[in-house]
Amino acid sequence: MIGIGMKRIITFGTFDMFHVGHLNILERARSLGDSLVVGISSDQLNYSKKARYPICRESDRAHIVSALKCVDHVFFEESLELKAEYIKKFEANVLVMGDDWQGKFDDMKSLCDVLYLPRTPSISTTELIEIVKTSNS
């Protein structure tokens, strides 16, 4: 249980084809506070954003992320428009996102601190999917 004065971190992502870049950002986010809550983009939200479903089902992605010792709680993010509600619900003090989202969540600064952390170089889920597709053709 998180006490008064504790720093609660929240972050969001799809976390498809889980890789070291995902682990790095989650560990860095957790190191900034006393607890880390992770919103996993639902399959439907991912489809609405990218016009494709994730490779791994939402339940599997949530299972992987929730098994990490740096993660205290996982929930499904159903809508990008609900970020402020999620921040309030989980009483987050800090929103952490990858720097590929730089500036996109600055409007949340009235609710909590917003930090954009550098991504791990040379790895992304999109690149991994392309490598697999190319090697199978």
Side-chain angles (χ1 to χ4, degrees):
M1 191 55 135
I2 300 301
I4 295 173
M6 298 274 214
K7 193 177 269 190
R8 293 172 293 277
I9 311 300
I10 192 167
T11 193
F12 299 86
T14 302
F15 301 102
D16 197 15
M17 307 279 301
F18 197 85
H19 54 71
V20 72
H22 293 137
L23 181 60
N24 288 343
I25 199 162
L26 291 172
E27 287 180 334
R28 286 184 289 160
R30 178 60 170 81
S31 74
L32 298 170
D34 301 297
S35 71
L36 176 61
V37 174
V38 180
I40 305 282
S41 297
S42 70
D43 289 345
Q44 195 57 48
L45 174 59
N46 197 77
Y47 187 83
S48 71
K49 290 190 305 189
K50 300 179 181 181
R52 70 168 177 79
Y53 288 103
I55 302 297
C56 301
R57 294 180 318 192
E58 65 186 33
S59 59
D60 293 338
R61 293 181 287 117
H63 186 181
I64 291 166
V65 173
S66 67
L68 301 171
K69 67 180 176 183
C70 61
V71 175
D72 297 289
H73 182 73
V74 168
F75 69 96
F76 291 113
E77 179 184 20
E78 301 293 341
S79 170
L80 295 175
E81 288 73 35
L82 294 176
K83 278 213 180 10
E85 297 309 311
Y86 296 131
I87 289 168
K88 291 175 193 171
K89 176 180 179 178
F90 294 105
E91 300 177 341
N93 307 100
V94 182
L95 167 62
V96 170
M97 296 298 292
D99 62 2
D100 53 325
W101 291 97
Q102 188 71 44
K104 299 248 183 357
F105 298 105
D106 287 355
D107 57 329
M108 299 295 152
K109 289 182 178 180
S110 63
L111 299 173
C112 63
D113 293 333
V114 178
L115 296 175
Y116 301 97
L117 298 180
R119 292 171 56 100
T120 301
S122 303
I123 189 158
S124 78
T125 300
T126 303
E127 288 175 21
L128 290 175
I129 291 169
E130 288 305 313
I131 289 167
V132 170
K133 283 165 108 178
T134 303
S135 67
N136 287 332
S137 10

Do you know which two heavy atoms are closest between [X] and [Y], and how far apart they sit?
| X | Y | result |
| --- | --- | --- |
| Ser41 | Glu77 | OG-OE1, 3.6 Å |
| Lys104 | Tyr116 | N-OH, 3.5 Å |
| Ile9 | Ala29 | CG1-O, 3.6 Å |
| Phe76 | Tyr86 | O-OH, 3.9 Å |

Quiz item: Does the pair Thr14 and Lys50 meet the rule for a side-chain contact (heavy atoms from CB on, under 4.5 Å), with working shown?
Solution: CA-CA 11 Å; Thr14 302; Lys50 300 179 181 181; 4.2 Å; yes
Quiz item: Asp43 and Arg61: salt bridge (Lys or Arg N to Asp or Glu O under 4.0 Å), yes or no, with the steps?
Solution: CA-CA 10 Å; Asp43 289 345; Arg61 293 181 287 117; 2.6 Å; yes
Do [X] and [Y] belong to the same hydrophobic cluster, where Ile, Leu, Val, Met, Phe, Trp and Tyr are linked whenever their side-chain heavy atoms lie under 4.5 Å apart, directly or via other members?
| X | Y | value |
| --- | --- | --- |
| Phe90 | Val71 | no |
| Met108 | Val37 | yes |
| Leu45 | Met17 | no |

Quiz item: Will you find, in the side chains of Ser42 and Gln44, an N or O donor that is under 3.5 Å from an N or O acceptor?
Solution: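 There is no such pair between these side chains.
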Reported [atom1]-to-[atom2] distance for the pair [X] and [Y], which is rounded to 0.5 angstrom:
| X | Y | atom1 | atom2 | value |
| --- | --- | --- | --- | --- |
| His73 | Ile10 | NE2 | CD1 | 9.0 Å |
| Leu68 | Leu36 | CG | CG | 9.5 Å |
| Ile40 | Glu58 | CD1 | CD | 9.5 Å |
| Lys7 | Asp34 | NZ | CG | 8.5 Å |
| Leu95 | Leu115 | CG | CG | 8.0 Å |
| His22 | Ile64 | NE2 | CD1 | 10.0 Å |

Does the side chain of [X] reach to within under 4.5 Å of the side chain of [Y], using non-hydrogen atoms?
| X | Y | result |
| --- | --- | --- |
| Arg119 | Trp101 | no |
| Thr11 | Ile25 | no |
| Val94 | Cys112 | no |

Exercise. Give every residue pair that meets the ring pair (Phe, Tyr, Trp, His ring centres under 6.0 Å) criterion with at least one member in residues 24-57, sequence neighbours excluded.
Key: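 Of all non-adjacent pairs touching residues 24-57, those that pass ring pair (Phe, Tyr, Trp, His ring centres under 6.0 Å) are Tyr47-Tyr53.
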Self-check item: CA sep, side-chain torsions, deciding dist, call: Val74, His63, side-chain contact (heavy atoms from CB on, under 4.5 Å)
Solution: CA-CA 9 Å; Val74 168; His63 186 181; over 6 Å; no
Exercise. Evaluate the side-chain contact (heavy atoms from CB on, under 4.5 Å) criterion for residues Phe12 and Met97: first the C-alpha distance (whole Å), next the side-chain angles of each, then the deciding distance (0.1 Å), finally the verdict.
Key: CA-CA 7 Å; Phe12 299 86; Met97 296 298 292; 4.1 Å; yes
Self-check item: Set of salt bridge (charged side-chain N to carboxylate O under 4.0 Å, His left out) partners for Lys69, sequence neighbours left out
Solution: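 In terms of salt bridge (charged side-chain N to carboxylate O under 4.0 Å, His left out), with neighbours along the sequence ignored, Lys69 is linked to no residue.
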Exercise. Start with the C-alpha gap between Phe18 and Leu26, add the side-chain angles, then the distance that decides, and say whether side-chain contact (heavy atoms from CB on, under 4.5 Å) holds.
Key: CA-CA 11 Å; Phe18 197 85; Leu26 291 172; 4.1 Å; yes
Exercise. Would you check, one step at a time, whether the test salt bridge (Lys or Arg N to Asp or Glu O under 4.0 Å) holds for Glu85 with Lys88?
Key: CA-CA 5 Å; Glu85 297 309 311; Lys88 291 175 193 171; 3.7 Å; yes
Quiz item: Is the NZ atom of Lys89 crowded by more than 12 outside heavy atoms at less than 6.0 Å?
Solution: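 No, because the 6.0 Å sphere around NZ of Lys89 holds 12 heavy atoms or fewer from other groups.
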